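These numbers come from a predicted model, not from an experiment.
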Amino acid sequence: MKQGGCHEQRFREDDFFKIDPECHLIGDMEHVNYFPGVQMWWRAIDNIKRPLLTGAPFSMLGSYLEVMEEREMQKNADPENIIWAMDKYGVDVACLLPESMMDSTGYTTAG
């Protein structure tokens, strides 16, 4: 199917009711990125993403990568993007978890 000038593959639809139990809303992290724990967290994300996407056997990731789009590989907590992804993958309800990063910021609060 063509949409917005790029090829978009559809996820196979079914009749199951689906819940995403951990839809994280990370949002703008600039105000906490200087904490060593937050920097360590982002390094951990980057360090697992690279081998997962480049080192895993294609038979394991192939079907997932075929339907993934570039926008799904970028951090984006915009509600419209989350709803777009939910619609694409047939998710009916998402349990939103605002990510406070308390364990990574030494339990500081903006006060």
Exercise. Check the hydrophobic clustering (I, L, V, M, F, W, Y; side-chain heavy atoms under 4.5 Å; chains of links allowed) and say if Ile45 and Val32 are grouped together.
Key: yes
Self-check item: Atom pair OH/CD of Tyr34 and Gln39 - distance to nearest 0.5 Å
Solution: 10.5 Å
Practice problem: Look up atom CD1 in Ile82 and atom CD in Glu80, then write down how far apart they are to the nearest 0.5 Å. | Solution: 11.0 Å
Quiz item: Can Lys18 and Tyr89 be said to form a side chain to side chain contact (heavy atoms under 4.5 Å, CB included), step by step?
Solution: CA-CA 9 Å; Lys18 297 178 184 154; Tyr89 292 104; over 6 Å; no
Practice problem: Decide side chain to side chain contact (heavy atoms under 4.5 Å, CB included) for Phe16 and Asp92; before the verdict, give the C-alpha distance in whole Å, the side-chain angles of both, and the deciding distance to 0.1 Å. | Solution: CA-CA 9 Å; Phe16 293 103; Asp92 298 294; over 6 Å; no
Quiz item: How far apart are the C-alpha atoms of Asp20 and Cys95, what are their side-chain angles, what is the distance that settles it, and do they pass the side chain to side chain contact (heavy atoms under 4.5 Å, CB included) test?
Solution: CA-CA 6 Å; Asp20 181 348; Cys95 304; over 6 Å; no
Quiz item: Would one find more than 12 heavy atoms of other residues, nucleotides or ligands at under 6.0 Å from atom CZ of Phe17?
Solution: yes
Self-check item: Met86 CE to Asn81 CG distance, which is reported to the nearest 0.5 Å
Solution: 12.0 Å
Practice problem: Indicate yes or no for a side-chain donor-acceptor contact from Glu72 to the backbone of Ala85 under 3.5 Å, with no hydrogens or angles considered. | Solution: no
Quiz item: About how many Å separate CH2 of Trp41 and CG of Asp46, when rounded to the nearest 0.5 Å?
Solution: 10.0 Å
Quiz item: Does Val91 share a hydrophobic cluster with Ile83, counting links as ILVMFWY side-chain heavy atoms below 4.5 Å and allowing steps through other members?
Solution: no
Practice problem: Report, as yes or no, whether the 6.0 Å neighbourhood of atom CE on Met68 holds more than 12 heavy atoms from other residues, nucleotides or ligands. | Solution: yes
